Structures are given as structure tokens and as C-alpha cells.
Amino acid sequence: MAAELHPVEAISRLGTETAFDVLARAEALAAQGRDIINLGIGQPDFKTPPHIVEAAIKALRDGHHGYTPSPGIPELRKAVVEDIAKYRGVDVDPGRVVVVPGGKVTMFFAILMFGEPGAEIMYPNPGFPIYESVINFTGAKAVPVPLLEENDFSFDAESVLAAITPDTRLLIVNSPANPTGGTVARAEFDKLVAGLEAHPQVAVMSDEIYSRMTYDEQEHVSLLGYKELEDRLILLDGWSKTYAMTGWRIGYGVWPESLVEAATRLAVNCHSCVNAPTQFAAIEALRGPQGSVDTMVAAFDERRGVIVDGLNDLPGVTCRTPGGAFYAFPNITGTGMDAHTLQNRLLEEAGVATIAGTSFGAYGEGYLRFSYANTVENIETALGRMRDLLTR
Ligand SMILES: Cc1ncc(COP(=O)(O)O)c(C=O)c1O
């Protein structure tokens, strides 16, 4: 007899990350012999620097094959707080750091901790799709914070504060942002933090996974720098983007004192710990030479110029200059196509993989996300192919 399974209803509310679907489609087309330029996937096109790889190999050779403490090996948690002191100028107790398998896990845990029917969670839209997906999974109401082009894809603190209700439990912010490359200015964060004083029930999760990728000498403004938020801020950061380590699966959260135990329990219940050699590699990443990060960010900066200028030259396309991350988010309404149609036509007819803005939420209609983690040559070829398609 065929099985009749009854998974919980919440599973049907989980969304996905279209980037992985587009990647699979692009790879399938490439396997058929098509020449595909992938500007879809959000990961550095650089390899993890060799000294970091060597640290993992050494850890394996040295016999680090077992479980580690669930929130991370003590030396790594120390290295994380040293890094926070260096780049954010803030002193944090290593006991607040919980190392997890990727940046995503901190967001999953934070949303699980605050989401349930009746609760409201505010999240950036367009934004990283997993926020909305997991909020829906928990049964909480997903309340979008619109990130609009006319605000350079930042938010307006007054509107955010005005949307808070007594049921709001968690506010998610992400600067520099995926998919827009937008950054939030210090003045806007100042206003937000001051206004949150009146809403002590609201926790804040600041996704700063792109913290080291800002351009034009712009400082990265970390919400960890606001003492007023200390007892309600969850900081999300990690190694995936900064050290080109997306496939290693490691990230960290800095939790308020009152939530560290809950985060650690979720870790114990879920994955026990991050694999040991990766944790050793992560120590080397933070404490070792940072030249490779600078080289990678300089390369992204050059490509940012190429792609933004090139997109602005295309008929029907306009593109703001992103201040961070490695994404451009052009307005494509002038092409007469919606985001999904243009995404599909670019992939199928021009061999250029991009992601429709709607994959990042309803406010993404009219935009496409381009990851410029690709060579200048490929970006230029892709722009040429787009021009051919749009002038056909
Ligand atoms: C805004 C944002 N947060 C978190 C993540 C997840 O990072 P990780 O691969 O470390 O889980 C990503 C990855 O694309 C991201 O764009």
C-alpha cells in the first residue's frame, strides 16, 4: 500500500531561495552545451585563501575529528570577539557568541525563537528570501519593511517605527543588503534605535553578513555599536562572503545574554556543533592576513563600476549605485517586461542567469538582481548579450 504521510502544515509554508533553482537551471543548460554566464548566485567567485584551507587540513591531521563544544571552540569564540573589537570597535563577552553552520542558522534560530501565531515579525522587502519563508513557517505574521529605490533601498526609520505594534516581537535589518546592495546610513539607525526605546518588546536581528563589503570609503555601521540595544540585539555575521567560504558552512551569532542559552540549546538539538576543522579554518581566517579580503573587495568594486555603468546604458534599464555587498538591483520597468519574464528570457535566450526581484519579496517587482561576483570579461559579455536581447 502506498504511504499516506502527514507532515505538519507548517512545512507547506516554507519558501525557498530561487537562486538555487536558477543555479540548477543554468547548470542544466550548460550541461546541454549552452554557454551560460551566471550572475545569479550570491557567492564570491574567489577560492578560500590558501592559508585558511591549510589550517583546516592541519586540524584534520592534528586529530580534531570529534565533537566540539556546541557554541564553538573557545579559541574561535575569542577570535570572533577580537574581530568584533577590531572592525566594530565594540567589546563583547565571548560567552555571547554562538558559532553555527552558516549565517542562515542564526536567522533560523532567531525567527524560531520569536515567531508563533499571533506574533509579528518585521523583515526587509525586497530582502533575503529566507526571512519571509521562516517567519511564515512559524505562523507569525510577516510584516514587510519596504526598501524603496527612491530611498536608495534603505528604510525610513519613522515608517518602521510606525509599523510596530504590541505584537511585534522581532525586527530584522540587513545592511549592506541582499539583493539591493543598499546600506542604511548612521543617521537612520540613530533614529531607529532612539524610537525603539518606546518598544521594549521588540528584539532586533541585524544581518551583517556583508559587513566587510562596503565601497567609496563608506563605514560599515553595526547595530552592535548601540549600547542601548545590548539586551535585545542579535548580530548575524560569518565567514561565507568575507572569506569566500560559502561551502564550508560556518557563521556566528552574538546573542543578548538572556538568549544565549536558548540559542545554544537549539544548536545542541539541531546540529551539535560545526565540524571541527572548519572551526580551526575560521580562527585562521579571522587572525591571519586580511590581504585577500582587500583584494576581493577591490575586485568587486571595479566590477560594480562596470556593471552599473553597463546596466544604465541598456534601453529600459536604470540602476542605482549600490553601496555594499556584490549585487546590483536595476529597475527594468522600462523594458516593458516583468521581472520574471525578463529573468527567464535572459537565461533561455541570452544565456545570462539573473534573479527576478520578486524572488526577494513583492516589493522586488520591476527589478532584477545581478550578482557581480564574476569576471569583468564575463560581465561585459553578459551586458552585450542583454543589449542584443533588449534591442531585438
Ligand atoms: C543577507 C544574507 N544573510 C545571510 C546569508 C546566508 O549566509 P550563509 O551562506 O553563511 O548561510 C546570505 C547568503 O546569501 C545573505 O545574503
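Quick caveat, the model's predicted, so the values are computed rather than measured. Whatever order the structure lists them in is the order used to number ligands and atoms, beginning at 1.
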Polar side chain donor-acceptor pair, [X] to [Y], under 3.5 angstrom:
X: Arg369; Y: Asn178; value: yes
X: Ser154; Y: Asn151; value: no
X: Tyr243; Y: Gln290; value: yes

Find all atoms of ligand 1 within a distance of less than 4.0 Å from any non-hydrogen atom belonging to Gly102, and give their numbers and elements.
->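 Selected atoms, number and element: 10 (O), 11 (O).
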Show which atoms of ligand 1 fall inside a sub-4.0 Å distance from at least one heavy-atom site of Ser240.
->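 Counting from 1, the qualifying ligand atoms are 8 (P), 9 (O), 10 (O).
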Look at Asp309 together with Arg304 and state whether they make a salt bridge at an N to O cut-off of under 4.0 Å.
->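 The answer is no: the pair does not qualify as a salt bridge.
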Under-4.0 Å salt bridge between Glu82 and Arg287 |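 So Glu82 pairs with Arg287 through a salt bridge.
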NZ or CZ of Arg212 within 45° of Tyr87 ring axis and under 6.0 Å =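 Yes, a cation-pi geometry.
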Does an N or O from Ile250, backbone or side chain, lie closer than 3.5 Å to an N or O of ligand 1?
->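 It does not: no N or O of Ile250 is found under 3.5 Å from an N or O of ligand 1.
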N/O of Asn178 under 3.5 Å from N/O of ligand 1, yes or no?
->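 Checking ligand 1 against Asn178, an N or O pair does fall under 3.5 Å apart.
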Of the backbone atoms (N, CA, C, O) and the side-chain heavy atoms from C-beta on, which set of Met107 has a member under 4.0 Å from an atom of ligand 1: side chain, backbone, both, or neither?
->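 Near ligand 1, Met107 shows its side chain, while the N, CA, C and O stay back.
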Could you tell me whether Asn174 approaches ligand 1 through its side chain, its backbone, both or neither, with non-hydrogen atoms closer than 4.0 Å?
->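 Side chain only.
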Roughly how far, to the nearest 0.5 Å, is CG of Leu148 from CG of Asp156?
->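 Between atom CG of Asp156 and atom CG of Leu148 there are 9.0 Å.
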Shortest protein heavy-atom distance from [atom], along with the residue and atom involved:
atom: atom 9 (O) of ligand 1; result: Arg249 NH1, 3.0 Å
atom: atom 6 (C) of ligand 1; result: Lys104 N, 3.8 Å
atom: atom 13 (C) of ligand 1; result: Lys241 NZ, 2.9 Å

Between Tyr131, Tyr210, Phe108, Trp248, which one has a non-hydrogen atom sitting closest to atom 15 (C) of ligand 1?
->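 When every heavy atom of Tyr131, Tyr210, Phe108, Trp248 is considered, Tyr210 comes closest to atom 15 (C) of ligand 1.
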Determine, using heavy atoms of Asp207 and all atoms of ligand 1, whether some pair is separated by less than 4.0 Å.
->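 Contact present.
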Classify the angle between the aromatic ring planes of Phe155 and Phe189 as parallel (below 30°), tilted (30 to 60°) or perpendicular (above 60°).
->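 Because their plane-to-plane angle is over 60°, the rings of Phe155 and Phe189 count as perpendicular.
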